[in-house]
Amino acid sequence: MGRFPSIAAAKAKTGAAKGKLYSMYSRDIYDKAKKGGANPESNFALKQVIEKAKKEQVPADIIKRALDKVNSGANENFEETRYEIIGPNGSTAIVECLTDNVNRSVSEVRTAVNKAKCKMGGVNSVSFNYDHLAIVTFKCDDEESILLALLDEGIEVVDEELNDGNITISVIPTDQYKMKKVIESIIPNVEYLIDEIGMYPKEKVTLSGEDKEYFERLLRLLDDVEDVKTVYHNVEL
């Protein structure tokens with residue numbers, strides 16, 4: 001599927017990975033609700049993260065506790081941070097964290113980077129080679145109708161890909177809500193296989209040998225960092 005995520009590559013999380021997943025969704029739901037209100041119907045960002053949590057089988061009681069924490073007046077503060085990483089042979093990564101302790105998150109990310117023999121980059125040292133996009137993937141048997149309807153609403157499609165009956169459409173993030181409204185008017189109860197805003201590489205690279213081993217080590221180590229929310233990278237794996 002080109003530069004966008006592969007549905008087939010998704011893998012089930014178990015054990016400690018599930019624990020981290022639940023913890024991160026709990027933080028994210030709390031943070032979105034605290035900033036925009038605890039009603040998902042009037043807080044689009046919250047609604048979206050709750051829908052993603054449900055798709056990843058986050059238990060309902062974890063979602064409820066995060067919302068209840070906001071309603072109870074709890075006052076935890078989380079900060080979103082981003083780190084840019086330069087790997088071997090043209091490989092790069094962008095790491096997004098959601099943390100209540102920036103010093104801890106940067107220290108743990110830096111440790112992972114050093115162990116994988118990669119380097120921390122400065123601001124925009126990597127991200128200029130990525131596009132900030134909203135993407136959705138869903139089953140579709142009438143690609144042309146969807147694209148024409150988006151065009152009629154003045155929504156510019158940055159990119160679109162068709163793969164095994166699934167269409168992936170990307171737009172600028174500010175058009176995400178409008179895009180989904182158009183799609184849902186044509187396909188009621190559409191099920192999105194992917195529905196997110198993220199950083200996507202303009203081009204991908206292929207690594208081999210030791211370079212590939214070090215980059216895969218980087219991803220494994222970052223996956224173990226509690227504050228890491230998302231890792232975007234430009235490597236074909």
Side-chain angles (χ1 to χ4, degrees), residues 1-12 21 24-25 28-29 31-33 35-58 60 63 67 80 82 94 96 98 126-204 229-237:
M1 289 180 63
R3 61 181 175 148
F4 297 118
S6 169
I7 305 296
K11 55 186 178 182
L21 181 77
M24 184 52 69
Y25 270 113
D28 205 6
I29 289 167
D31 188 58
K32 297 282 194 303
K35 290 175 179 174
N39 181 359
E41 296 309 313
S42 57
N43 183 344
F44 179 68
L46 174 63
K47 182 177 182 179
Q48 187 173 38
V49 74
I50 288 175
E51 288 175 351
K52 287 180 66 177
K54 288 178 177 177
K55 283 180 182 176
E56 296 211 50
Q57 299 182 329
V58 175
I63 297 171
L67 295 174
E80 294 182 355
R82 175 183 291 174
I94 296 175
E96 293 183 345
L98 183 62
V126 164
S127 57
F128 75 95
N129 274 323
Y130 289 68
D131 289 321
H132 188 213
L133 299 171
I135 73 166
V136 290
T137 298
F138 55 96
K139 291 191 178 301
C140 177
D141 56 12
D142 191 354
E143 175 187 10
E144 188 174 351
S145 292
I146 296 288
L147 296 176
L148 286 174
L150 292 171
L151 186 62
D152 287 343
E153 289 297 319
I155 300 169
E156 180 184 354
V157 174
V158 176
D159 204 353
E160 56 92 12
E161 299 172 358
L162 196 61
N163 185 52
D164 292 335
N166 295 320
I167 185 172
T168 298
I169 298 173
S170 62
V171 299
I172 60 172
T174 51
D175 280 343
Q176 181 193 38
Y177 181 75
K178 285 170 61 180
M179 170 181 66
K180 291 178 67 176
K181 293 291 284 184
V182 169
I183 293 167
E184 289 159 17
S185 71
I186 296 172
I187 310 175
N189 302 315
V190 61
E191 181 178 349
Y192 296 109
L193 303 174
I194 294 175
D195 175 13
E196 61 188 42
I197 293 176
M199 302 293 291
Y200 300 97
K202 295 176 181 177
E203 294 183 356
K204 286 194 170 185
K229 179 180 175 184
T230 314
V231 179
Y232 303 102
H233 61 81
N234 69 340
V235 177
E236 289 280 9
L237 294 175

Notebook entry, point to check: Roughly how far, to the nearest 0.5 Å, is CD of Glu160 from CG of Leu147?
Noted result: 5.0 Å
Check: Taking only residues two or more places apart in sequence or in another chain, which ones pass side chain to side chain contact (heavy atoms under 4.5 Å, CB included) with Lys178?
Finding: Ile155, Asp175
Item checked: Glu96 with Arg82: basic N within carboxylate O range, under 4.0 Å -> yes
Check: If you look at every heavy atom in Ile186 and Ala149, which pair is closest and at what distance?
Finding: CD1-CB, 3.5 Å
Notebook entry, point to check: Hey, what do you get for NZ (Lys202) to CG (Asn129), rounding to the nearest 0.5 Å?
Noted result: 6.0 Å
Next item on the list: Kindly determine whether His132 and Tyr200 satisfy side chain to side chain contact (heavy atoms under 4.5 Å, CB included), including the steps that lead there.
Entry: CA-CA 7 Å; His132 188 213; Tyr200 300 97; over 6 Å; no
Next item on the list: Measure the shortest side-chain to side-chain distance between Ile194 and Thr168 over non-hydrogen atoms and say whether it is less than 4.5 angstrom.
Entry: no
Item checked: Contact summary for Pro173 and Ala134, nearest pair of heavy atoms -> CA-CB, 3.9 Å
Note to self: For Asp159, is there any backbone N or O sitting under 3.5 Å from a side-chain donor or acceptor partner on Ser170?
What the structure shows: yes
Note to self: Tell me every residue that passes salt bridge (Lys or Arg N to Asp or Glu O under 4.0 Å) with Lys35, counting only those two or more places apart in sequence or in another chain.
What the structure shows: Asp31
Checklist line | Partner residues of Leu151 under the side chain to side chain contact (heavy atoms under 4.5 Å, CB included) criterion, sequence neighbours left out | finding: none
Check: How long is the gap from CD1 on Ile94 to NE2 on His233, to the nearest 0.5 Å?
Finding: 11.5 Å
Notebook entry, point to check: Checking side chain to side chain contact (heavy atoms under 4.5 Å, CB included) for the pair Leu193/Phe138: CA distance, chi angles, key distance, verdict?
Noted result: CA-CA 6 Å; Leu193 303 174; Phe138 55 96; 5.6 Å; no
Margin query: Quick one, Ile146 with Cys140, criterion side chain to side chain contact (heavy atoms under 4.5 Å, CB included). Give me CA distance, side-chain angles, the key distance, then yes/no.
Written below: CA-CA 9 Å; Ile146 296 288; Cys140 177; 3.9 Å; yes
Item checked: Whether over 12 other heavy atoms sit under 6.0 Å from Lys55 NZ -> yes
Notebook entry, point to check: Are Tyr25 and Ile50 close enough that some pair of their side-chain heavy atoms sits under 4.5 Å apart?
Noted result: no
Notebook entry, point to check: Does a side-chain heavy-atom distance below 4.5 Å link Val235 with Lys204?
Noted result: no
Checklist line | Close side-chain approach of Val171 to Leu133, heavy-atom, < 4.5 Å | finding: no
Item checked: Between CD1 on residue Ile197 and CD on residue Gln176, distance to nearest 0.5 Å -> 4.0 Å
Checklist line | Rounded distance (nearest 0.5 Å) linking atom OG1 of Thr137 with atom CD of Glu191 | finding: 12.0 Å
Please list, one pair per line, the donor and acceptor atoms closer than 3.5 Å that link side chains of residues 41-48 to other protein atoms, with sequence neighbours excluded.
from: Ser42; atom 1: OG; to: Asn39; atom 2: O; distance (Å): 3.3
from: Asn43; atom 1: OD1; to: Ala45; atom 2: N; distance (Å): 3.3
from: Asn43; atom 1: OD1; to: Leu46; atom 2: N; distance (Å): 3.1
from: Asn43; atom 1: ND2; to: Lys32; atom 2: O; distance (Å): 3.0
from: Asn43; atom 1: ND2; to: Gly36; atom 2: O; distance (Å): 3.3
from: Asn43; atom 1: ND2; to: Gly37; atom 2: O; distance (Å): 2.9
from: Gln48; atom 1: NE2; to: Asp195; atom 2: OD1; distance (Å): 3.0

Notebook entry, point to check: Say you draw a straight line from NZ of Lys181 to CG of Leu150; how long is it, rounded to the nearest 0.5 Å?
Noted result: 14.0 Å
Margin query: I need the minimum non-hydrogen distance between Ile172 and Val158, along with the two atoms involved.
Written below: N-CG2, 4.1 Å
Next item on the list: Would you mind listing every salt bridge (charged side-chain N to carboxylate O under 4.0 Å, His left out) that reaches into residues 141-158, with sequence neighbours excluded?
Entry: none
Checklist line | Non-neighbouring partners of Glu184 that pass side chain to side chain donor-acceptor pair (under 3.5 Å), sequence neighbours left out | finding: Tyr192
Notebook entry, point to check: Tell me, do Met179 and Ile183 make a side-chain contact under 4.5 Å, heavy atoms counted?
Noted result: yes
Check: Are Asp131 and Met199 close enough, and set up right, to give a side chain to side chain contact (heavy atoms under 4.5 Å, CB included), and what steps lead you there?
Finding: CA-CA 6 Å; Asp131 289 321; Met199 302 293 291; over 6 Å; no
